[in-house]
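Presented below is the structure to which this report refers.
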Amino acid sequence: MAGDIDFYFPLVRCLMERGQFELTQILASAWLVTLEDDEAVISFTGPHRHYRDALARPAMIRHLRDAIDFLVGRPVGIRIVI
């Protein structure tokens with residue numbers, strides 16, 4: 001996983017505290033997890049591309065967005081890149 005560790009590890013911790021263990025596994029499989037301005041960017045490559053479909057489910061996006069908004073203190077978008 002590449003990206004901003006000051007964003008990634010607090011996000012994973014927040015998701016774990018909320019019981020969102022599947023989301024933590026999905027993020028661990030991402031190639032990139034970072035925060036760019038008002039957008040969280042999560043990128044998947046190669047054999048991990050199928051995680052994009054799991055992450056794109058409405059319930060997953062809602063839980064992820066809630067955790068990110070809580071961490072950064074404001075609403076941000078989520079961009080999933082393959």
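FYI, the numbering just counts along the sequence from 1.
The distance from atom CE of Met60 to atom CD1 of Ile80, rounded to the nearest 0.5 Å, is 11.0 Å. Rounding to the nearest 0.5 Å gives a distance of 7.5 Å between CG of Asp66 and NE2 of His63. Note: Ile78 CD1 to Arg62 CZ = 11.5 Å, rounded to the nearest 0.5 Å. Arg13 contributes atom CZ, which lies 8.5 Å from atom CG of Leu71 (distance to the nearest 0.5 angstrom).
The salt bridge (Lys or Arg N to Asp or Glu O under 4.0 Å) search around Arg57 returns Glu22, not counting sequence neighbours.
Ile5 and Val33 fall within the same hydrophobic cluster, where Ile, Leu, Val, Met, Phe, Trp and Tyr residues are linked whenever their side-chain heavy atoms come under 4.5 Å apart, directly or through other members. Note on Val12: it clusters hydrophobically with Ile61, by side-chain heavy-atom contacts below 4.5 Å among ILVMFWY residues.
Shortest non-hydrogen contact noted between Asp69 and Pro75 is OD1-CA, 3.3 Å. In terms of heavy-atom proximity, Ile26 sits nearest to Ala54 at CD1-CB, 3.8 Å.
The residue from Leu35, Leu64, Thr24, Val72 that alone fulfils the side chain to side chain contact (heavy atoms under 4.5 Å, CB included) condition with Leu11 is Leu64.
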Between Ile68 and Phe7, does a side chain to side chain contact (heavy atoms under 4.5 Å, CB included) hold up when you go through it step by step? CA-CA 9 Å; Ile68 293 170; Phe7 174 67; 4.1 Å; yes
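Geometrically, Arg18 engages Phe70 in a cation-pi contact, judged by NZ or CZ lying under 6.0 Å from the ring centre and within 45° of the ring axis.
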Donor-acceptor pairs under 3.5 Å, side chain of residues 37-48 to any protein atom, not counting sequence neighbours: which ones?
| residue | atom | partner | partner atom | Å |
| --- | --- | --- | --- | --- |
| Asp38 | OD1 | Arg74 | NE | 3.3 |
| Asp38 | OD1 | Arg74 | NH2 | 3.2 |
| Glu39 | OE1 | Arg79 | NE | 2.9 |
| Glu39 | OE1 | Arg79 | NH2 | 3.1 |

